[in-house]
Engineer: 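Pasting a structure here, questions to come.
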Amino acid sequence: MKLFLDTGDVEEVRRAAGWGVIDGVTTNPTLIAKTGRGFRETVLAICEACPGGAISAEVVATEFDAMLKEALEIASWHEQIVVKVPMIEPGIRLVAQLTDRGIRTNVTLVFSVSQALLAAKAGATYISNFVGRVDDFSGDGMEAVASTVEMVEAHGFESEVLVASVRHPQHVVQALACRAHVATMPYAVLAQLFKHPLTDIGLERFLKDWEGAGLSIFPPKVTA
Ligand code: E4P
């Protein structure tokens, strides 16, 4: 499963990319607005901070011609860019046209298998299935993910199912169990994946015992 970072914060991307475990970055208009910087400069800085990664940048128009114009502009900025398109009727039409032009797309705000079917038929590279926003209303966001992965695999679609709106590490574990292709998460959730209290306790004990025995990995320096 690929791991994407869900952020507009370039410093977070730099840090996570340094760990060598992220495959891309997703942004959305809210995340970009939070940065206080321009859209193009932020997205280009993210591309540079995550070399070779798939970087999703979203159109904001909702009418087809305007969406197409924005999508072509965004796609022209950098080869790593994936055009993010909302799950609305002109959006699906746009995805079909961008697919024909060889431009990668990420259909966002997908909550049901029927929506995912349309995105897959249009040739979406990624189908962003939001889970946290469903769980927030006492639903089970992961149900649609499981059904969508099954639909994509059973019917031979090339789209990758991307679990979005991830709120905690358990969502990541559930995404794995559903055999999702990608999970995107905030920096705080990615950082939590490192954590287990027994790791900290275990490491403290190892180092204490090592130090107590006066051991060293390196041979003592020989002085002439
Ligand atoms: C995905 O691409 C979205 O940017 C993101 O996962 C939305 O998450 P939220 O529901 O926490 O805003």
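Positions are given from 1, in the same order as the sequence printed here. Each ligand, and each atom within it, is numbered from 1 in the order the structure gives. As the structure is a prediction and not an experimental result, all values here were calculated from the model.
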Engineer: Which option, Ser165, Pro186, Gly141, owns the non-hydrogen atom nearest atom 8 (O) of ligand 1?
Structural biologist: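 Residue with the shortest heavy-atom distance to the ligand atom: Ser165.
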Engineer: Name the closest protein heavy atom to atom 7 (C) of ligand 1, giving the residue it belongs to and the distance to 0.1 Å.
Structural biologist: Phe130 CE2, 3.6 Å
Engineer: Among Glu12, Arg15, Glu11, exactly one meets side-chain hydrogen bond (donor to acceptor under 3.5 Å, both in side chains) together with Tyr187. Which residue is that?
Structural biologist: Arg15
Engineer: Clusters formed by hydrophobic residues whose side-chain heavy atoms approach within less than 4.5 Å: which one holds Phe130, and what are its other members?
Structural biologist: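 Direct or chained contacts put Phe130 with Leu109, Phe111, Val134.
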Engineer: Below 30° counts as parallel, above 60° as perpendicular, anything between as tilted: where do the rings of His171 and His168 land?
Structural biologist: parallel
Engineer: By number and element, which atoms of ligand 1 are closer than 4.0 Å to a non-hydrogen atom of Lys84?
Structural biologist: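 Selected atoms, number and element: 1 (C), 2 (O), 3 (C), 4 (O).
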Engineer: Determine, using heavy atoms of Met185 and all atoms of ligand 1, whether some pair is separated by less than 4.0 Å.
Structural biologist: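 Contact check Met185 vs ligand 1: negative.
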Engineer: Considering heavy atoms of the protein only, find what lies nearest to atom 12 (O) of ligand 1 and give residue, atom and distance to 0.1 Å.
Structural biologist: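 Atom 12 (O) of ligand 1 sits closest to the protein heavy atom Arg133 NH2, 2.8 Å.
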Engineer: Between Arg104 and Ser56, is any pair of side-chain heavy atoms under 4.5 Å apart?
Structural biologist: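 No. Closest side-chain heavy atoms not under 4.5 Å.
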Engineer: What are the two closest heavy atoms between Val59 and Met67, and how far apart are they?
Structural biologist: CG1-O, 3.9 Å
Engineer: What's the shortest distance from atom 4 (O) of ligand 1 to any protein heavy atom, and which residue and atom give it?
Structural biologist: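 Ranked first by proximity to atom 4 (O) of ligand 1 is Asn28 ND2, 2.7 Å.
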Engineer: Restricting to non-hydrogen atoms, name the atom on Pro51 and the atom on Gln80 that form the minimum distance, rounded to 0.1 Å.
Structural biologist: C-NE2, 4.0 Å
Engineer: Less than 3.5 Å apart, any donor N or O on the side chain of Thr26 or Thr184 sitting next to an acceptor on the other?
Structural biologist: yes
Engineer: Identify, by atom number and element, the atoms of ligand 1 in contact range of Thr26, meaning under 4.0 Å from any of its heavy atoms.
Structural biologist: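 Ligand 1 atoms under the 4.0 Å threshold to Thr26: 2 (O).
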Engineer: At less than 4.0 angstrom from any non-hydrogen atom of Ala164, what atoms of ligand 1 do you find?
Structural biologist: 1 (C), 6 (O)
Engineer: Starting from atom 5 (C) of ligand 1, locate the nearest protein heavy atom and write down its residue, its atom name and how far away it is, to 0.1 Å.
Structural biologist: Asp6 OD2, 2.8 Å
Engineer: For atom 11 (O) of ligand 1, what's the nearest protein heavy-atom neighbour? Residue, atom name and distance, please.
Structural biologist: Arg167 NH1, 2.6 Å
Engineer: Using heavy atoms and a 4.0 Å limit, tell me yes or no: is Thr108 in contact with ligand 1?
Structural biologist: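 Distance cut 4.0 Å: Thr108 fails for ligand 1.
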Engineer: Under 3.5 Å, which donor-acceptor pairs do the side chains of residues 195-206 form with other protein atoms, sequence neighbours left out?
Structural biologist:
{"from": "His196", "atom 1": "ND1", "to": "Leu198", "atom 2": "N", "distance (Å)": "3.0"}
{"from": "Arg205", "atom 1": "NE", "to": "Asp209", "atom 2": "OD2", "distance (Å)": "3.2"}

